[in-house]
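Atoms within a ligand are numbered from 1 in the order they appear, just like the ligands themselves.
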Amino acid sequence: MKFFLDTANIEQIKYFADMGLVDGVTTNPSLIAKEGKDFEETIKEITSIVDGPISAEVTATDADSMVKQARELAKIHNNIVVKIPMIKEGVKATNVLSKEEININMTLIFSPVQALLAAKAGAKYVSPFVGRLDDISHVGMELPETIREIFDNYDYDCEIIVASIRNPLHVIEAARMGADIATIPPKVMEQMFKHPLTDIGLEKFMSDWNKTFGN
Ligand code: E4P
């Protein structure tokens with residue numbers, strides 16, 4: 001299973017990349033805006049830290065402009081994956097761009113049939129948003145599970161990125177269902193390390209050792 005980091009924060013990307021935990025990075029306009037730095041420069045810097053797929057999202061909403069923006073983004077680095085929203089114009093743009101071998105991550109996927117449309121249009125990745133479904137009282141994780149079942153029936157070259165992850169349980173469920181990728185916010189990545197028994201266990205080992213051998 002691949003872990004992507006869901007952030008545009010350079011320090012956090014470096015921090016987790018140093019542990020070998022970052023197979024790729026996803027950004028979106030909100031995450032880029034949160035950092036307040038130049039979009040292209042930020043994406044370029046991320047590509048210099050992580051050698052894997054880096055998602056950069058278009059901000060246009062009509063197909064022609066999406067295609068233009070996507071071509072520019074794809075020029076930044078070979079690892080760029082262009083994120084395109086799951087709207088009709090986005091599907092149209094994906095159909096054009098996938099034929100040019102530009103990798104597309106179709107984002108804002110909230111239903112299995114949207115994922116099927118994305119795969120048919122040639123998207124390399126689909127991003128079902130589980131947390132935002134949970135937020136409106138739907139069981140978010142049912143979405144990637146159904147998409148997994150559908151994709152397994154066919155031979156689409158399309159990977160499932162479980163997105164909008166809110167807690168470590170989402171990551172476990174994504175792994176259990178065989179999702180290809182979980183894109184994880186730094187805060188959740190941090191939570192994934194924690195277990196109180198690990199801390200208590202280590203404290204006891206250290207104190208027993210120090211009692212006998214000193215520190
Ligand atoms: C990643 O591809 C998505 O943009 C991101 O996971 C959305 O997460 P959010 O619902 O926490 O904003």
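Not close to ligand 1: T107, with no non-hydrogen atom less than 4.0 angstrom away. By the 4.0 Å heavy-atom criterion, E57 is excluded from the residues contacting ligand 1.
In terms of heavy atoms, I147 sits closest to A115 at CD1-CB, 3.5 Å. Looking at every heavy atom in both residues, A8 comes nearest to I13 through C-CD1, 4.3 Å.
Nearest to atom 6 (O) of ligand 1 among the protein's heavy atoms is D6 OD2, 2.5 Å. When hydrogens are left out, the protein atom nearest atom 12 (O) of ligand 1 is R132 NH2, 2.8 Å; that is the closest non-hydrogen contact. The protein atom (non-hydrogen) at minimum distance from atom 8 (O) of ligand 1 is S164 CA, 3.4 Å. Scanning the protein heavy atoms around atom 2 (O) of ligand 1, the nearest turns out to be K83 NZ, 2.7 Å. With hydrogens left out, the protein atom closest to atom 3 (C) of ligand 1 is F129 CZ, 3.4 Å, a heavy atom. For atom 4 (O) of ligand 1, the closest non-hydrogen atom on the protein side is N28 ND2, 2.7 Å. Regarding atom 11 (O) of ligand 1, its nearest protein heavy-atom neighbour is R166 NH1, 2.7 Å.
Side-chain contact between T183 and F3: absent, with no pair of heavy atoms (C-beta onward) separated by less than 4.5 Å.
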- Take K68 and D64 through the test salt bridge (Lys or Arg N to Asp or Glu O under 4.0 Å) and record every step on the way to the result. CA-CA 6 Å; K68 272 188 208 130; D64 287 346; over 6 Å; no

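With salt bridges taken as basic N to acidic carboxylate O contacts below 4.0 Å, one links D135 and R166. Ion pairing between a basic and an acidic side chain is recognised when a charged N comes within 4.0 Å of a carboxylate O; D157 and K124 show such pairing. At a threshold of 4.0 Å, the pair K204-D208 counts as salt-bridged, since one of the basic side-chain nitrogens sits closer than that to a carboxylate oxygen.
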